[in-house]
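See below for the structure under consideration.
Proteins get letters first, then strands, A, B, ... in listed order; numbering begins at 1 in each. FYI, side chains are in, hydrogens and waters are out, and symmetry mates aren't considered; it's all heavy atoms of this structure. These numbers were taken from a predicted model, which means no experiment stands behind them.
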2 protein chains.
Amino acid sequence: MITKIRLLIVDDHLLIRLGLVTIFSDQPDITVVGEASSGRMAAELFAKTRPDVVLLDLKMPGLSGVETIKLLQEQSAAVCVVVLTTLDQEEEIFRALEAGAQGYLLKDMRKEDLVEAIRAVHRGERWIAPLAGARLAERLVRKELSDRELEIVKLLVHGKSNKEIASALSLSEDTIKWHMKNLLEKLGTHDRTQAAVIAIQRGIVKI
Amino acid sequence: MITKIRLLIVDDHLLIRLGLVTIFSDQPDITVVGEASSGRMAAELFAKTRPDVVLLDLKMPGLSGVETIKLLQEQSAAVCVVVLTTLDQEEEIFRALEAGAQGYLLKDMRKEDLVEAIRAVHRGERWIAPLAGARLAERLVRKELSDRELEIVKLLVHGKSNKEIASALSLSEDTIKWHMKNLLEKLGTHDRTQAAVIAIQRGIVKI
DNA sequence: CGTGATATCCCCAAAAATAGGGACAACGCT
DNA sequence: AGCGTTGTCCCTATTTTTGGGGATATCACG
């Protein structure tokens with residue numbers, strides 16, 4: 001091993017950062033060149049340390065994980081990002097990959113998988129945690145929501161009736177009904193309450 | 001300091017365990033006597049190591065945090081438990097305290113607060129993270145759901161209609177309507193979809 | 001130029017929300 | 001022991017909301 005993989009850790013939780021540093025300090029081929037607790041700090045440290053790989057928590061206060069990825073890409077189009085998160089926000093998996101993440105790890109993974117993922121993305125490969133991959137596969141067979149439907153499902157989750165949604169969006173109630181019909185079908189249910197629950201589960205709407 | 005505080009760490013996430021161990025290894029008055037990754041393992045290690053304080057993640061696969069607290073209390077009624085978790089499951093705060101937790105910490109806390117909380121509960125005090133405390137205060141001004149209402153709201157979240165709920169609980173649809181009316185009022189809404197969302201937010205129903 | 005997303009209108013049956021009414025058992029409190 | 005409270009249950013109404021159908025026009029995009 002001639003040069004070590006230079007790793008930047010970004011997570012707002014001190015505990016997680018400490019755990020990660022501990023894990024990687026045992027690896028002969030990886031060196032942690034920086035720790036950031038926010039997206040802005042990540043951008044600063046990225047410029048300063050020029051890491052090979054950025055290990056990034058998706059769920060952060062302030063700048064979100066996806067926004068952070070985009071910010072880093074402005075600095076270097078070739079930035080290699082591995083996302084680290086829990087699986088509770090399914091929509092975020094997709095958004096992160098769309099934004100350019102090379103790897104997707106879950107916080108309850110084994111140590112070996114964590115370091116192997118870093119090595120894999122450094123080799124230019126993708127590395128997606130099996131459970132996250134399963135969600136992606138599900139996505140492929142599912143329909144995307146249109147922008148309008150997205151607006152409506154958000155209001156739905158906030159307890160608005162069709163009439164209230166119509167008023168909020170300056171549309172007729174019938175139009176809302178039409179969208180709602182399609183929405184229910186796309187979410188695989190016949191019930192608006194269930195649709196709201198599914199939207200929350202999938203991270204389509206954040207609460 | 002004559003004797004160190006003997007601490008048992010229970011968390012299914014390796015990363016969190018590593019982070020915690022790192023933090024406490026810097027403290028002269030605290031020694032980590034064991035690490036468990038599940039409730040069952042916690043019970044075993046508790047018997048073996050007899051710690052002064054147990055630092056316990058609420059959200060674990062298998063035995064839940066609350067169940068683990070109860071299991072530990074069977075071994076020693078005086079067990080001193082500090083709960084460590086995120087704030088997404090509000091109901092769990094209350095359940096954990098009810099089950100006998102002495103402290104409540106959030107995973108994004110500063111190092112100083114973490115160790116101070118351990119010391120506080122070891123002195124016999126309670127230590128509740130400010131944000132968790134705020135939720136508890138909210139609870140006091142809110143009405144509790146009855147057992148029946150709890151059953152109904154669970155079925156509601158799973159997309160059941162009043163008729164389906166009636167059938168599932170062997171009640172008349174009218175009775176369900178009556179409960180639903182009270183349920184909506186207690187949850188502070190006039191809309192069943194919103195009620196489902198609120199129930200999820202508060203952790204009343206797990207999804 | 002076709003396709004898809006958007007928007008509007010009509011209609012209809014089912015479901016839900018709201019409003020009355022009454023009944024009974026369990027509970028703590030005075 | 002009597003009292004009020006609470007939770008449970010049931011019934012009858014009416015009105016509103018929802019879910020589903022079809023028909024049609026616009027408008028942007030490739």
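Looking at heavy-atom distances under 4.0 Å, T175(A) makes contact with a base.
At whole-Å resolution of the value, CG in L187(B) and P in dA17(C) are 12 Å apart. Per the geometry, CG belonging to L183(B) stands 11 Å off P belonging to dT8(D), to the nearest Å. The NE2-P distance, from H179(A) to dG4(C), rounds to 16 Å in whole Å. Rounded to an integer number of Å, the gap from I176(A) CD1 to dC9(C) C1' is 14 Å. Regarding L171(A), its CG atom lies at a distance of 11 Å from the P atom of dT6(C), rounded to whole Å. When the P atom of dA26(C) is taken as reference, atom CZ of R148(B) falls 15 Å away, rounded to whole Å. Rounded to whole Å, atom P of dG4(C) lies 17 Å from atom CG of L145(A). Note: CD (E151(B)) to C1' (dC9(D)) measures 14 Å, nearest angstrom.
For R119(A), the side chain to side chain donor-acceptor pair (under 3.5 Å) test picks out Q27(A), D29(A), with sequence neighbours left out.
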| said: Show, in sequence, the C-alpha distance, side-chain angles and deciding distance for E164(A) and L155(A), and conclude whether the side-chain contact (heavy atoms from CB on, under 4.5 Å) test is met. | reply: CA-CA 9 Å; E164(A) 288 170 322; L155(A) 291 167; over 6 Å; no
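Under a 4.0 Å N-O distance rule, the pair R40(A)/E67(A) does not qualify as a salt bridge.
Residues K59(A) and D12(A) come closest through the heavy atom pair O-OD1, 3.4 Å.
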| message | One character per nucleotide, please: for nucleotides 12-30 of chain D, 5' to 3', B when the base has a protein heavy atom closer than 4.0 Å, S when only the sugar-phosphate does, - otherwise. | response | B----SBBB----------
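One distance of note links OG of S172(A) with NZ of K177(A); it measures 9.5 Å at 0.5 Å rounding.
Dashed line: the shortest gap from a side-chain N or O of S146(A) to OP1 or OP2 of dT6(C) is under 4.0 Å.
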Run the side-chain donor-acceptor check on residues 43-56 of chain A: report pairs under 3.5 Å with partners two or more places apart or on a different chain.
unit_1: T49(A); atom_1: OG1; unit_2: L45(A); atom_2: O; d: 2.7
unit_1: D52(A); atom_1: OD2; unit_2: R6(A); atom_2: N; d: 2.8

